[in-house]
Each structure stands twice: as structure tokens, then as C-alpha cells.
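Please read the structure below before turning to the comments.
Order of the sequence lines sets the chain letters (A, B, ...), proteins ahead of strands, with each chain counted from 1.
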Number of protein chains: 2
Amino acid sequence: METSTGYLLVKFGGAAGGYFDRSLQSLGIRPRHVRVLEKIRTDTLSQQDLCRLTGMDRTTMVAVVDDLERLGYARRVPSPTDRRKRVVTPTESGLVALSESETLLRKAEAALLSPLSATEQKQLNDLVSRLATPDLLACLP
Amino acid sequence: METSTGYLLVKFGGAAGGYFDRSLQSLGIRPRHVRVLEKIRTDTLSQQDLCRLTGMDRTTMVAVVDDLERLGYARRVPSPTDRRKRVVTPTESGLVALSESETLLRKAEAALLSPLSATEQKQLNDLVSRLATPDLLACLP
DNA sequence: TATTGTTATACTCTATAACTATA
DNA sequence: TATAGTTATAGAGTATAACAATA
């Protein structure tokens, strides 16, 4: 079992998750915050929209946006068209933090995959892309 | 970020973990219990030994062995050489459960990797084996 | 009545600290 | 004193339920 592909994927996935978390420590955020910042960089989205796009649930999203607001990376703005909704908008420093995050995450990924050659890294991306499809991940929640 | 190898590995690893958990539901255990049963199938080991071999900490191991005892899959036996230690021994039904678990986990893994051909599955195992090395996982806790 | 955002709550997982019994 | 096992407890993460405001 310990050498099975599935077990290794679970184990490495967990370790990589922690590593990505730590790679963003200096910015006070985690990868989930980066995913939100990426979505709102170009699009105008409510929290509910963000839930749909990221798969997080509403209460988690409240906490994530709370964090982004507290850090000055984003603001909640009442939607003009539907006053129930609050549009989440990045601040200037939020966009800076986003771009720094992407650099840090790229660096962390390079470190994680460094045992493999560039060709092998490409192969791995191809294989994992075919496993981690949206519909598969949805039906294995 | 959403298409990066690292993110996909984290995401798929998490989904696979849940899938493996559910695959063992009928036996009332989880993969960690299987790892313990595998270790004690042939060797005589104390809980501390099992901690060293699996990386779980002492308190987690207490809970895991509690579960195995409650289900009748293992027993704690006082060590004759060191009365502080308690050797964990599998029962007959524990060995049966172990062999069933291994079948269920193999089946679950086959399902998870089914989008890939046999050759590709072999490739993936090779690549992930080189990433998820014991020392790398140890230094990324 | 349904939806958006929110709060409060419960539940799991994991890690820490403290206790016992042995060495 | 150090180690093995245990218990109690606290922390983070996540999910559920209930509520206010709006559609």
C-alpha cells in the first residue's frame, strides 16, 4: 500500500498543500485567498459568484473575504443592481499581493517538482490534468 | 494557478483521500488502520514502533489501536520484555479485514486512475515515487 | 417564497500538555 | 531521569442551521 500510486498521491498532495501554505506566509494569506484574488482581478463578482467559481461554500467565503478586507487586499462594495449582493473588489495593494503570490507559488512549485526533469514535469502535468478534471473532482467531493 | 501541476496534485490528492476513506466504509476503518494492520501482520511491534514506522504521533496511534480493538481486529498484549510497552497483535478477523481492505483499496485506486492507460499509470507511479520520497515528505511536514 | 450575506454552532482532525507506570 | 501509553484539552478546518435584508 505504501508504494501504491494512490497513496503516494494523497501523501504528496498533503505535503504540497502545507508547502504552498507556508510559501505565502509572508503575505498573511493562503492559496484560497489567491484563488479569490485571481477571479476578481478582471471580473466583477459577488461572494456567491466566487463560491460557484471556486467550490468554496458561503461561510468559508465570508471568512476568506474577511481576511482579504482586514489585510487591505480587497473591499466589499454593495451591488448597484441587487442590494443583497456585495461585489468583492481588489485594492491596489491586493493586486500587488496577488502578483507576489503568483511568483511565490511558482517558486514553491518549482521546488516541489525539482526532482523531475523539465520533460518529466511536463509529462506529470499532462497526466494529472487528465485525472483532476472538474467533473471527477465534483463527483468525488 | 488552477491548471498548475502543484495545485492539481493538492486537489486530486484530497479527493483521492476521501475516496479511499469511503472505499473502506463497510469495514468501519480508514487507510491509517490498514497501514497499522499491514505492519503488524508479520512483525511484533509496540505502539511506539508503529508510530516510528507510520509517522503518526502517539495520541493518534492510541485512537487507531482503540478502533482496531473495538472492532475486534487487533489486541493489545503486554510486552514480556518491557512492561511499559504493549504489543499490538492482529486477530483472525483482523487479518481477514486486512486482506479485504487491500482488495477494496486496489479497486478504488484502479477507479481513480482509470482515465489513464496502463502504460500511463506506470509512468505516473514512477514520477510520483520520485517526488514522494520519505526524506522529502519528512522535511515538508 | 427564494436568495445573499452573516453569525453561531457543532463536528472532525490534529497537536500539546499533563498524568501513570515502568525502566 | 527518561520512555510508553493514556487522557484531557485546545486549536484549526469545515459543514450545518438559523437569522436579517432584499428580491
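A sub-4.0 Å separation between OP1 or OP2 of C:dT12 and a side-chain N or O of B:R30 is absent. Contact check, A:Q48 against C:dT4: a side-chain N or O comes under 4.0 Å of OP1 or OP2.
Separating the CG atom of A:L50 from the P atom of C:dT6 is a distance of 12 Å, rounded to the nearest angstrom. Taking atom CG on B:D21 and atom C1' on C:dC11, their separation rounds to 16 Å, with Å as the unit. Look at CG on B:D66: it is 7 Å from P on D:dT7, rounded to the nearest Å. Note: CE (A:M56) to P (C:dG5) measures 14 Å, nearest angstrom. Regarding A:R86, its CZ atom lies at a distance of 14 Å from the C1' atom of C:dT7, rounded to whole Å. Distance B:M61 CE to D:dG5 P: 10 Å, rounded to the nearest Å. Here the P atom of nucleotide D:dG5 and the CG atom of B:L68 are 15 Å apart, to the nearest Å.
In the helix from C:dT1-D:dA23 to C:dA23-D:dT1, the rotation axis of the first five pairs and that of the last five pairs differ in direction by 20°, rounded to 10 degrees.
Residue A:S46 is tested with A:M61, A:R86, A:K85 for a side chain to side chain contact (heavy atoms under 4.5 Å, CB included); the sole match is A:K85. Applying the side chain to side chain contact (heavy atoms under 4.5 Å, CB included) test between A:L124 and each of B:D126, B:L124, B:L8 identifies B:L124 as the sole match.
Residue B:R75 qualifies as open at atom CZ: its count of foreign heavy atoms under 6.0 Å is 12 or below.
Between the side chain of B:S99 and the backbone N or O of B:L95, no donor-acceptor pair lies under 3.5 Å. In this structure a side-chain-to-backbone donor-acceptor pair under 3.5 Å is missing from A:T60 to A:M56. Between the side chain of A:T54 and the backbone N or O of A:R35, no donor-acceptor pair lies under 3.5 Å.
Contacts with DNA chain C (heavy atom under 4.0 Å) in residues 76-85 of chain A: A:R76, A:R84, A:K85, listed by number.
Between A:E102 and A:K107 no salt bridge is recorded (no basic side-chain N to carboxylate O distance below 4.0 Å). By the 4.0 Å N-to-carboxylate-O rule, B:E69 lies close enough to B:R76 to be salt-bridged with it.
Distances from the side chain of A:R58 to the nucleotides C:dA15, D:dA18, C:dT7 place D:dA18 closest.
Between B:R52 and B:T59, the residue anchored nearer the 5' end of DNA chain D, judged by the nucleotide with its closest heavy atom, is B:R52.
A:Y7 and B:L112 end up in the same hydrophobic cluster when Ile, Leu, Val, Met, Phe, Trp and Tyr side chains are linked at under 4.5 Å.
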